Protein chains: 2
Amino acid sequence: MLADDASSPKQTKGARTARRILDAAEELFAQQGYDGTSLRQIAERVGIKEPGLYNHFAGKQALYEAVLFRALNPMAQALAQLMEDASQLRDYTDLPSVMTDILFEHPQMASLFQQGMQGDTNSTGNQLVNGWLEKLFNQGMHSMEEFGGVTATSSAGQTAQDRATLAINVIAMFNLTTGYFLAQRAFDSLAAGDLLDPDNIAKQKRLLHKVIRAMLIS
Amino acid sequence: MLADDASSPKQTKGARTARRILDAAEELFAQQGYDGTSLRQIAERVGIKEPGLYNHFAGKQALYEAVLFRALNPMAQALAQLMEDASQLRDYTDLPSVMTDILFEHPQMASLFQQGMQGDTNSTGNQLVNGWLEKLFNQGMHSMEEFGGVTATSSAGQTAQDRATLAINVIAMFNLTTGYFLAQRAFDSLAAGDLLDPDNIAKQKRLLHKVIRAMLIS
DNA sequence: CCTATAAATTATCGACCATTAATATTTTTC
DNA sequence: GAAAAATATTAATGGTCGATAATTTATAGG
C-alpha cells in the first residue's frame with residue numbers, strides 16, 4: 001500500500017497482475033525448475049488464488065513459455081543490435097560482455113536459458129535458445145568465410161571441421177557467460193563473496209575477453 | 001535371458017537390481033530432473049514394481065543422493081589422484097581433460113553436477129559438488145601462495161582479490177567442462193554432428209587447454 | 001451511474017505422486 | 001533340502017498436482 005503495488009499506474013489492472021504473475025513465475029521456474037514449481041506456489045506469491053491465473057494464461061505450459069519468451073527478448077534484441085552495428089568479426093568480441101550486463105540485471109534468467117538449452121528438441125524453450133544460438137553461429141560462419149580465407153581453397157571436409165570448431169566455441173562462450181550466474185552458491189562457498197559484486201563482474205568480463213582472444217588465435 | 005540380465009554374475013541378486021536401479025535413476029534424473037522423474041518411471045525401466053525400490057533405497061531422496069554419490073566418485077578420485085601426483089601448479093592443466101574423459105563415458109553425469117551446483121545450500125547435491133570444487137580451489141590457493149610471490153608482500157586486500165579471481169577461474173573451468181556435455185542438442189542443431197565424436201572431443205580438449213593457458217597469464 | 005466485461009473466488013474433479021502395510025515369492029545359507 | 005532371510009507383489013492411503021465449472025466481485029466504457 002506504500003508505493004509497492006500501485007506503481008506504474010499506466011497499464012490496466014489485468015495487465016498489471018499478468019506482469020506480476022510473470023515476475024513470480026520467472027523467479028520460481030528459474031529457482032526450482034518447471035516440474036518443481038506449482039501453480040499454487042506462483043499464485044500465492046502473486047497474492048491471488050490458483051484459478052485466477054487462468055484469466056491471464058491458458059495453463060502452466062503457456063505461462064512457462066511466456067516467461068521464457070519475455071526473458072529471452074532482451075538477449076535477442078542485444079544480438080540483433082550487435083549484428084546491425086558490427087561490420088567485422090572482431091566486433092562480436094563484446095557480445096559476452098553485453099550478455100553479462102543483461103544477465104546481471106536478471107541473474108535468474110541464466111537458469112532459464114540453461115533449462116531451455118537442455119530441454120528436449122520439440123520444447124519451446126529449446127527452440128528459442130537454439131534459435132538464438134543459430135543466429136550467432138550463422139553470423140560467425142559468414143564472418144569466417146569472408147575473412148578467414150578463399151572459400152575455393154577450402155574443401156568440404158575443412159568446412160565441416162570449421163563448423164564443428166565454431167559450434168564448440170559458441171557453446172563454450174554461452175556456457176561460460178550464463179554459467180557464471182548459476183554458480184552463486186558455489187562462489188560464496190569458495191571466495192566468501194558476492195558473485196554480483198561489480199568487482200567480480202568486472203573480473204568475469206576480463207576472463208571472457210581473455211577466452212575470446214584465445215579462441216581467435218588458431 | 002540371452003546375455004543381458006545374467007551378466008556380471010559375481011554380485012548377489014539384490015546388489016544387481018540395486019545397481020540397475022541406480023543406472024535407470026541416473027539416466028532419468030539427469031534427463032528430467034528430480035521433480036520431473038517419478039519412482040514409477042524408474043521402477044518400470046528396471047522392470048519391477050514401484051514398492052520394490054524400497055527394498056534397496058529408503059526413498060526417493062535417498063536414491064537421488066546415492067546416484068549423485070556414485071556419479072561424483074570417479075571425479076573425486078581423479079582429483080585426488082592428480083593432487084597426489086602433481087607437484088606444481090602447471091600439473092593441474094590436465095584436470096579438465098581428465099574430467100572430459102570421465103564425462104565422455106557417462107555424459108549424463110554433467111547434468112547431475114550442474115543440478116547439484118545449482119541446488120540449495122543444504123541439499124546433499126550442492127554439498128557434494130561444492131566440496132569437490134573447494135578441494136580444487138584450496139589446492140589452487142596453496143599453489144598460488146607458494147609460487148605466486150612472497151606472502152609477506154601481499155596485503156589482505158590483495159589476497160581477497162586473488163581468492164575471487166581464482167574462484168571465478170575454477171567456476172569457469174567447471175562450467176566449460178561440464179557445460180559441453182549439456183549442449184548435445186544445441187551442437188547437433190548448429191554443426192549437424194555428434195558432440196561425442198572423438199574429433200569433437202579432441203577439439204573441446206584443445207579449447208580447454210587454450211583457456212587454461214589464457215588464465216595462467218596475468 | 002449503469003451496464004457489459006474482466007477478474008477473482010469457491011468448490012470440485014480425476015490423475016498422479018511417494019510411501020506404507022500385509023502378503024507372497026524367491027534366493028541365500030547351513 | 002529346509003529354515004531363514006531377502007526380495008518382490010498386491011492393495012491401499014493421504015496428499016498434491018493441473019485444470020474446470022459455477023459464481024461472485026471488481027473494473028472499465030459510454
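These numbers were taken from a predicted model, which means no experiment stands behind them.
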Do [X] side-chain atoms and [Y] backbone N/O form a donor-acceptor pair below 3.5 Å?
X        : Y        : result
B:Ser97  : B:Asp94  : no
B:Lys60  : B:Tyr34  : yes
A:Asn126 : A:Met117 : yes
B:Asn73  : B:Phe69  : no

Where protein sits on nucleotides 7-13 of chain C, one letter per nucleotide: B base, S sugar-phosphate only, - none, heavy atoms under 4.0 Å: SBBBB--
Can you tell me if the side-chain N/O atoms of B:Ser38 get under 4.0 Å from OP1 or OP2 in C:dC17? yes
Between [N] ([atom2]) and [X] ([atom1]): distance, integer Å:
X       : N      : atom1 : atom2 : value
B:Phe29 : C:dA18 : CZ    : C1'   : 12 Å
B:Leu63 : C:dA18 : CG    : C1'   : 12 Å
B:Arg16 : D:dA8  : CZ    : P     : 10 Å
A:Glu44 : D:dC17 : CD    : C1'   : 15 Å
B:Ile42 : C:dC16 : CD1   : P     : 17 Å
A:Tyr54 : D:dT20 : OH    : C1'   : 9 Å
A:Asp35 : C:dA18 : CG    : P     : 11 Å
B:Tyr64 : C:dC17 : OH    : P     : 18 Å

Using atom types as modelled, flag every donor-acceptor pair under 3.5 Å from a side chain in residues 36-43 of chain A to any protein atom, sequence neighbours excluded.
unit_1: A:Thr37; atom_1: OG1; unit_2: A:Leu28; atom_2: O; d: 3.1
unit_1: A:Thr37; atom_1: OG1; unit_2: A:Gly33; atom_2: O; d: 2.8
unit_1: A:Ser38; atom_1: OG; unit_2: A:Gln41; atom_2: N; d: 3.1
unit_1: A:Arg40; atom_1: NH1; unit_2: A:Glu50; atom_2: OE1; d: 3.1
unit_1: A:Arg40; atom_1: NH1; unit_2: A:Glu50; atom_2: OE2; d: 3.4
unit_1: A:Gln41; atom_1: NE2; unit_2: A:Gln32; atom_2: OE1; d: 3.2

With rounding to the nearest 0.5 angstrom, report the CD to CG distance, B:Gln108 to B:Leu182.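 Rounded to the nearest 0.5 Å, the CD-CG separation comes out at 11.5 Å.
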